[in-house]
Amino acid sequence: MQIKQTIRNLWEEKPLTLILFLGIFFRLIAVIFSKGFAFHDDEFLVLDPAGSWVAGYDFNHWLGGIPGANSAPEGPSLFFPGLNYLVLYYLTWRGMVDPQHKMYVIRALMALWSLIIIVVGYRIANFYGGKKVARQTGLLLSIFWFMPMLSVRSLVEMFCIPPLLLATWMAINPAKKDKLSTYFWIGILCGIAFNTRFQTALFSGGFGLIILFPILAGTRHLDRGRNINWKRFFGFSFMFVVTVFAVQGVVDLFIWHRPFAEFKEYIIYNINNDRNYPVGPWYNFFLVLAGILVPPVSLFLMLGFFKSWKKYTILFLPSFLFFAFHSIFPNKQERFILPIVPFVIILGCIGWNEFVTASKYWQKHPGLLKGCWTFFWILNCLALPIVSTMYSKRSRVESMYYLYHQKDLKNFMVEESFRDNVTQTPFFYANRWDFHPVEISDKVSLYHAYQWHIYDTNPLFHPNYVLFYGTDNIDKRVAAFKRMFPTTTYKTTIKPSYLDLLMFKLNPVNRNETVYIYEFNDTVVNLPKDSILRRQK
C-alpha cells in the first residue's frame, strides 16, 4: 500500500522521475536480453567495420589508405562507426575480448544516450501542453513497445534523434532562445545529426528556415518577429558547416584527398539505386506510422501532429520536410522514418489533447476515449516485455559466436544450395576478420567449392567448419556434403528466436533460419568421373 502511494505521489509531484525510472528499467532489460542486430545496417555498416578497424582490418574497404581497399569512396558516413570504433578499441585495450561482452557495453551506452529523448521530449511537451500532456508524452517515449529495443541498437536513425531534439528545445526554451550562442549550439547539434545521418539535412533545412524567418515558428511560439533574423541564421549556419566540415570534410581529405567525397558519392549512389531496395507508394510511411504507433492511438497522434502545424510550426516543419522527402523518394525502408517518430509523438500528444478539449464529441464520450487508451496500453504492455527481450537475428549471431569459441577454426563454408545467394554472416561475433568464407549456393555448386578447397594455395584458410542455413532438404544437402567430405561430423544446431521465426514466416526475406554446424578436416575424396556433382553448374 505504501509503495502504491509513493508511486501515486511521484506521478503527481515528480512525474519525470517515475517516467525515467521506467525508461531505464526497460532499457536495462533490453541491454541484457535484446542481443543481436535489428537491421542489416546496424551490424554490417556499423559494428563489423568498427570491430575490423580495431583488429587492423578494413571489413567494408572504406579506408582508402589500407592496402587492398577500394580506390574510390562508397558513400557511408564514418562518424558513427568511428564512435563505435573508439569504444571497442578502449574495451579491447582494457582486455575485453569476448564480442558479446563488448555488446553489453555498446547497448548500455546507446540506452543512456536514448534517455535524452525522454527528458527533452517531456520538457517540450510540458512547455507547450502542461504537465498532463508532458506525462503522457514522456510515458510514450519511455515505454512505447518498440522504444527500449530500438534504443539499444547501433542504428544511425536512433543515434541522430537526441541532437535534433536538443536543438529544438534550445530554440524553444525561453531562457536560451534570445542568446546568439544558442544558435551556435543549435548549428553544432544539427551538424552532429547530419554527420550521423545525412538525410537529417532536411530537418536542419526546416530549422534554418524558421531561424531565418521567425514568423514561421507558429502562433504558439513566443518569438514570432516579422523581421528576417540574419544574425541568428548566420550563427546557426556557420556552426553547422564548421561541425560538418570538422568530421566529413577532414576525414575525406585525409582518406580521399578531397572534402565531402563520401557525401557526394552517397547522393550519387542513392539516385542511381533508388529502386534497387524496397519500393513503396507515397503513402507507405503513413501506414508505417499508423502501424507501429498502434491504432487507434496512432490515428490520434497523427491527427494531432498534422492538425497543429500552424500553431507549432517549429515542431512540425523540420519533421514534415523529412517525412515528405522519404514519402516521395522510391526507396522506403521502415527504419528511415525513425528520426521523426519522437516528434510525431510529442506534437501528436500536444495537438490531440487540444483537439479533445475543443471537441464536443469527445467531451460527450469520455468513456470511449478512455477505452481507446486502455486498449492501447493493454496491447503495449503485452508487447513491451516480449520485444524488449527479443534476440534479433539469433541464429546468425550465435552461429558466429559458436565459431568464436572454436580454437581450431581456420575458415568456414556457408551452404545454402537452395538459394541464389547466401546469407551474410556477422564476423564481429566470431572476432575474426581474416576469413574468406566459401559460399555454396544455386550459382556456386558443391563441386566448385570442392575444387576451391583442394587447389587453394594457402592451406591456412582451408575451411574446416560448414554452416547449413535453413531446413529445406537439409538431410539431402548434408548427405551430399558428406560424400565430398567423409569426415564431416555434426556439432550443434542454432535455432532462431521465437520472434525471428515469426518474422521469417511472415516474410521469407527475413533470413532468420535454423543453422546446422558441422566440422570436417582436410581429408577429401576423388570424385568418380560420372559423378553428378561434376555436372552441376
Trainee: Are the side chains of Phe343 and Leu164 in contact, using a 4.5 Å heavy-atom criterion?
Mentor: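 Result yes, sub-4.5 Å side-chain heavy-atom pair found.
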Trainee: Passes side chain to side chain donor-acceptor pair (under 3.5 Å), Asn353 versus Gln136? Steps please.
Mentor: CA-CA 10 Å; Asn353 280 278; Gln136 186 183 69; 2.9 Å; yes
Trainee: Centroid-to-centroid, Phe306 to Phe286, below 6.0 Å?
Mentor: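 So the answer is yes for these two rings.
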Trainee: Side chains of Gln424 and His40: donor-acceptor distance under 3.5 Å anywhere?
Mentor: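 Present: a donor and an acceptor within the cut-off.
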Trainee: For Glu262, does its backbone N or O pair with a side-chain atom of Gln248 as donor and acceptor, under 3.5 Å?
Mentor: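 Checked: no pair found.
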Trainee: Would one find more than 12 heavy atoms of other residues, nucleotides or ligands at under 6.0 Å from atom CH2 of Trp113?
Mentor: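 Yes - once you tally the heavy atoms of other residues, nucleotides and ligands closer than 6.0 Å, there are more than 12.
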Trainee: Once rounded to the nearest 0.5 Å, what's the spacing between atom OH of Tyr312 and atom CD1 of Ile346?
Mentor: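 It is 13.0 Å, given to the nearest 0.5 Å.
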Trainee: Give me the atom names and distance for the closest heavy-atom approach of Ser142 to Leu22.
Mentor: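 Distance-wise, the nearest heavy atoms are OG-C, 3.7 Å.
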Trainee: Is it the case that over 12 heavy atoms from other parts of the model lie below 6.0 angstrom from the NZ atom of Lys176?
Mentor: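 Not buried by this count: 12 neighbours or fewer within 6.0 Å.
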Trainee: Counting heavy atoms not belonging to Trp377, are there more than 12 under 6.0 Å from its CH2?
Mentor: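 Check passes, neighbour count above 12.
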Trainee: Kindly determine whether Phe325 and Phe336 satisfy ring-ring contact (aromatic ring centres under 6.0 Å, His included), including the steps that lead there.
Mentor: CA-CA 11 Å; Phe325 169 79; Phe336 288 173; 9.5 Å; no
Trainee: Angle class for the Phe234/Phe238 ring planes (parallel below 30°, perpendicular above 60°, tilted otherwise)?
Mentor: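 Judged by the thresholds at 30° and 60°, the geometry between Phe234 and Phe238 is parallel.
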Trainee: Compare every heavy atom of Tyr469 with every heavy atom of Ser399, then report the nearest pair and how far apart it is.
Mentor: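 In terms of heavy atoms, the two residues are closest at OG-OH, 3.8 Å.
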Trainee: Could you measure the distance from the CH2 atom of Trp352 to the OG1 atom of Thr137? Nearest 0.5 Å is fine.
Mentor: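 Result: 14.0 Å between the selected atoms.
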Trainee: Quick test of your reading: applying salt bridge (Lys or Arg N to Asp or Glu O under 4.0 Å), list the pairs with at least one residue in residues 335-349, sequence neighbours left out, ordered by first then second residue.
Mentor: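 Every pair satisfying salt bridge (Lys or Arg N to Asp or Glu O under 4.0 Å) with a residue in residues 335-349: Asp41-Arg335, Glu157-Arg335.
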Trainee: Between Asn380 and Trp145, is there a donor-acceptor pair closer than 3.5 Å when you use the side chain of the first and the backbone of the second?
Mentor: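 At least one qualifying donor-acceptor pair exists.
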Trainee: For Tyr266 together with Phe198, are the ring centres under 6.0 Å from each other?
Mentor: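 Ring centroids of Phe198 and Tyr266 are less than 6.0 Å from each other.
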Trainee: Between the main-chain N or O of Ala38 and the side-chain N or O of Lys393, is there a donor-acceptor pair closer than 3.5 Å?
Mentor: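 Indeed, once roles are kept as given, a pair shorter than 3.5 Å links the two residues.
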Trainee: Run the numbers on Asp98 and Tyr401 for side chain to side chain donor-acceptor pair (under 3.5 Å), then give the verdict.
Mentor: CA-CA 9 Å; Asp98 191 299; Tyr401 193 53; 2.6 Å; yes
Trainee: Measure the CG-OH distance between Leu86 and Tyr90 for me, rounded to the nearest 0.5 Å.
Mentor: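 Here the rounded value is 12.5 Å.
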Trainee: Identify the two heavy atoms, one from Thr425 and one from Phe44, that lie closest to each other, and give their separation to 0.1 Å.
Mentor: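 Where Thr425 meets Phe44 most closely, the heavy atoms are O-CE2, 3.5 Å.
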Trainee: Would you confirm whether Arg394, through its side chain, and Pro496, through its main-chain N or O, come within 3.5 Å as a donor-acceptor pair?
Mentor: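 Absent.
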Trainee: How about Phe329 and Phe285: are their ring centroids closer than 6.0 Å?
Mentor: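 For Phe329 and Phe285, the ring centres are not under 6.0 Å apart.
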Trainee: Is the shortest heavy-atom distance from the side chain of Phe127 to the side chain of Tyr122 under 4.5 Å?
Mentor: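 They are not in side-chain contact.
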Trainee: Just to verify, what does Ser327 make a side chain to side chain donor-acceptor pair (under 3.5 Å) with, not counting sequence neighbours?
Mentor: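 Result, side chain to side chain donor-acceptor pair (under 3.5 Å) vs Ser327: none returned.
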Trainee: Using the rule side chain to side chain donor-acceptor pair (under 3.5 Å), only one of Tyr429, Tyr404, Tyr391 pairs with Glu398; which is it?
Mentor: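 Single side chain to side chain donor-acceptor pair (under 3.5 Å) partner of Glu398 among Tyr429, Tyr404, Tyr391: Tyr391.
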Trainee: Give a yes or no answer on whether the side chain of Asn173 reaches the backbone of Trp169 with a donor-acceptor pair at less than 3.5 Å.
Mentor: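 Not a single qualifying donor-acceptor pair exists.
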Trainee: Does atom OH of Tyr498 have more than 12 heavy-atom neighbours from other groups under 6.0 Å away?
Mentor: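 More than 12 heavy atoms, drawn from other residues, nucleotides or ligands, come within 6.0 Å of this atom.
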Trainee: Taking Asn431 for the side chain and Pro99 for the main chain, is one N or O donor matched with an acceptor at less than 3.5 Å?
Mentor: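 A pair under 3.5 Å: no.
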Trainee: From Glu43 CD over to Ser154 OG, what is the distance, rounded to the nearest 0.5 angstrom?
Mentor: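 It is 8.5 Å, given to the nearest 0.5 Å.
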Trainee: Run Ser114 and Arg27 through side chain to side chain donor-acceptor pair (under 3.5 Å) and show every step you take.
Mentor: CA-CA 9 Å; Ser114 75; Arg27 280 158 179 75; 3.0 Å; yes
Trainee: Could you tell me the separation between the CZ atom of Arg94 and the CG atom of Leu91, rounded to the nearest 0.5 Å?
Mentor: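 It is 10.0 Å, given to the nearest 0.5 Å.
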Trainee: Which pair of non-hydrogen atoms, one from Ile106 and one from Leu47, has the smallest distance, and what is that distance?
Mentor: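 Closest approach of Ile106 to Leu47: CG2-CD2, 4.5 Å.
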Trainee: Is any side-chain heavy atom of Val133 less than 4.5 Å from a side-chain heavy atom of Arg135?
Mentor: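 Val133 vs Arg135: side chains apart.
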Trainee: Please indicate whether Phe260 has more than 12 foreign heavy atoms, meaning atoms of other residues, nucleotides or ligands, lying under 6.0 Å from its CZ.
Mentor: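 Check passes, neighbour count above 12.
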Trainee: Would you find a donor on one side and an acceptor on the other, under 3.5 Å apart, between the side chain of Thr389 and the backbone of Ile386?
Mentor: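 Yes, Thr389 side chain to Ile386 backbone: donor-acceptor pair under 3.5 Å.
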Trainee: Between Ser52 and Trp433 (side chain of the first, backbone of the second, donor and acceptor by atom type, cut-off under 3.5 Å), is there such a pair?
Mentor: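 No: the side chain of Ser52 does not pair with the backbone of Trp433.
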Trainee: Judged by atom type as modelled, is there a donor-acceptor pair below 3.5 Å linking the side chain of Thr200 to the main-chain atoms of Arg197?
Mentor: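 Judged by distance alone, yes, a pair lies under 3.5 Å.
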Trainee: Once salt bridge (charged side-chain N to carboxylate O under 4.0 Å, His left out) is applied, do any residues pair with Asp434, and if so which ones, sequence neighbours excluded?
Mentor: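 Testing Asp434 for salt bridge (charged side-chain N to carboxylate O under 4.0 Å, His left out), a comparison that skips the adjacent residues, returns Arg432.
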Trainee: Which atom pair, heavy atoms only, marks the closest approach of Arg153 to Lys35?
Mentor: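 Taking Arg153 first and Lys35 second, the nearest heavy atoms are NH2-O, 3.4 Å.
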Trainee: If you measure from OG1 on Thr313 to CZ on Phe320, what distance do you get to the nearest 0.5 Å?
Mentor: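 Going from OG1 on Thr313 over to CZ on Phe320, the span is 12.0 Å.
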Trainee: At their closest point, which heavy atom of Ala50 faces which heavy atom of Tyr85, and how far apart are they?
Mentor: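 The answer is CB-N, 3.6 Å.
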Trainee: Would you please indicate yes or no on a ring centroid separation below 6.0 angstrom for Phe316 and Phe305?
Mentor: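 Ring-ring flag for Phe305/Phe316: true, centres closer than 6.0 Å.
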Trainee: Is the side chain of Asp42 donor-acceptor paired with the backbone N or O of Phe39 at a distance under 3.5 Å, no angle test?
Mentor: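 Side chain of Asp42 to backbone of Phe39, a donor-acceptor pair under 3.5 Å: yes, one is there.
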